[in-house]
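First comes the structure, then the notes that go with it.
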Amino acid sequence: MLRLYDTIHGEVRDLVTRDPGRLSMYVCGPTVYDLPHLGHGRFTLVWDVARRWFTFRGLDVHFVSNITDIDDNIINRALREGTTESGVAQTYEDEWWAAMSLIGVARPDDVPHATQYVPEMVTLIESFLADDVAYVISDGVYFDTSRVSDYGLLAGQALDSLRAGARIEASEEKRSPLDFALWKFAKLGEPRWEAAFGAGRPGWHTECVVMSLGLLGNGFDLHCGGLDLKFPHHENERAQAVAAHRPFAQHWGHNGWVMVGDEKMSKSLGNFTSLTDLLARTDARAYRLLVIRSHYRSPIEVSPATIADAERALARLDSLARRFDLPALAGEMLVRQRDFDFTQQSEVLVHHVSELLDEDLNTPLAVAELFDAVSRANTLADQGKMTEARDLAVAVTVLFAALGLSVFSAVHASDDDDQLLVHARDQARSEGNWAEADRLRDELVTRGWIVEDSVEGTRIRRA
RNA sequence: GGCGGCGUGGCCGAGCGGUUAGGCAGGGGCCUGCAAAGCCCCGUACUCCGGUUCGAAUCCGGACGCCGCCUCCA
């Protein structure tokens, strides 16, 4: 049984699915008004890993993640740059998918865009107004949080204590500081959708509840996002579902922050690194390895040092693939356990790792187990037990692939001149002409290769 | 003010009462023509103070320090 920490209950619980064998999963996606940063990178990696693991274990996962393509930040950016909102959204959505592709995050099964769901949102807001769960003030339509008796469930706080701590908001018209905008009336020149209660645009919290329920239906299984969405975003989604008398997500997952030094990386602190920048100068797999080396609910430290550490660890995995000449797995492809035949020894490894990952996605322990298996595979190979060694190495790469980490021999295309040098070196070595062999190695190194000898002859890979 | 989390060896990072986490870096050795890759050995950590226990990094109490949420944020 797969188990996962649930935010509402505050404990690891069985991940019970609405339909046997099928998992419906919604992850709050980005608002596309800027380049993705490392925090986006982490949450997409964490839930991509979850999706992949659940899939590996045999679940038929329906994975939905939205794009918020209308929002104040988008409007502001369009104003500042003298372009259109849709232009801004398109630009940064393109950047988003480019980064996702580089980082190996598989495309969701459905990618709803907020602007495509406005009529459904209007209908929902109308029903709230009819039920007096929502009210209109000068700048928009607001949700009356006092109408949801268990408001604060996700935050683990009662309405009263939340209200006591709430800071003063700009609008004095709101019945409570906690009430949130369902709809913002359009000011002059702003994008607008017509509605009986006044032309405008939807609020963020309304978008996600409409899209998740719209695509996954009542009582879908799992709703995920970064820890900072727990409150108020997810709470407000939930409140709307409650007010609409629709069963909502049965299980909630939240991932931890990306830290810079001792501070959370965030837009408001301005201490963020764009994912796009990182990927331009680093093997994207290193970031995935860095992410899965710690638990998804823990904060992670991202710095040049921790990235470099992960890159070197990755090199160890790649050298295993190189040693056994293993094919690359993962990428867009989601691997499934049932598609592989494991030998008895490998089966033991798969079993151990599965136990760790099935229990709240304990990727750090799983990774430790896998690195341990790397050593064992190399030891077996050193002892000449190549068949056993290779079986274990294959299992390691399959399991990493199940986490979306593609392990491969990073041999990039070498041109004919390089190959001539390699052959010449093999020739020199077979003749015991060490001086010439060393000279040829130096030349290959100058050309940007790392040279390794093996029983099969000289092998080169990119430095 | 309310709620939650954290403090582990040079660094990252697990651990949920007793056993080697793992990675990276460092030292020694093996292998190798020399390297590289790989293998073996080594470090003996848990903020502090009490308590429970045969035994605590792990449970309880307290202190100190740090972080986050309650506002847009992944």
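Scope of the values below: all heavy atoms of this structure, side chains included, with no hydrogens, waters or symmetry mates. In what follows, every chain begins at residue 1, and chains take the letters A, B, ... in the order their sequences are listed. No experiment lies behind these values; they were computed from the predicted model shown.
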Is any side-chain N or O of [X] under 3.5 Å from a base N or O of [N], one able to act as donor and the other as acceptor?
X	N	result
A:Arg316	B:C24	no
A:Asp453	B:C34	yes
A:Asp228	B:G68	no

A:Phe371-B:G22 aromatic stacking (under 5.5 Å, under 30°):
no

Counting the atoms with a prime plus P, OP1 and OP2 as sugar-phosphate, which does [X] contact under 4.0 Å by heavy atoms, base, sugar-phosphate, or nothing?
X	value
A:Ser454	nothing
A:Gly10	nothing
A:Asp72	nothing
A:Gln157	base
A:Arg425	base
A:Val258	base
A:Arg297	nothing
A:Ala155	sugar-phosphate

Verify the distance criterion only: is there a donor paired with an acceptor across the side chains of A:Asn378 and A:Arg323 at less than 3.5 Å?
yes

Checking A:Glu237 against A:His233: is there a side-chain donor and acceptor pair closer than 3.5 Å?
yes

Return the orientation label for the A:Tyr26 and A:Phe220 ring planes: parallel under 30°, perpendicular over 60°, tilted otherwise.
tilted

For A:Trp252 and A:His234, take the angle between the two ring planes, folded into 0 to 90°, and tell me which bin it lands in: parallel under 30, tilted 30 to 60, perpendicular over 60.
tilted

Please list each protein N or O that sits under 3.5 Å from an N or O in nucleotides 5-10 of chain B, with the distance.
none

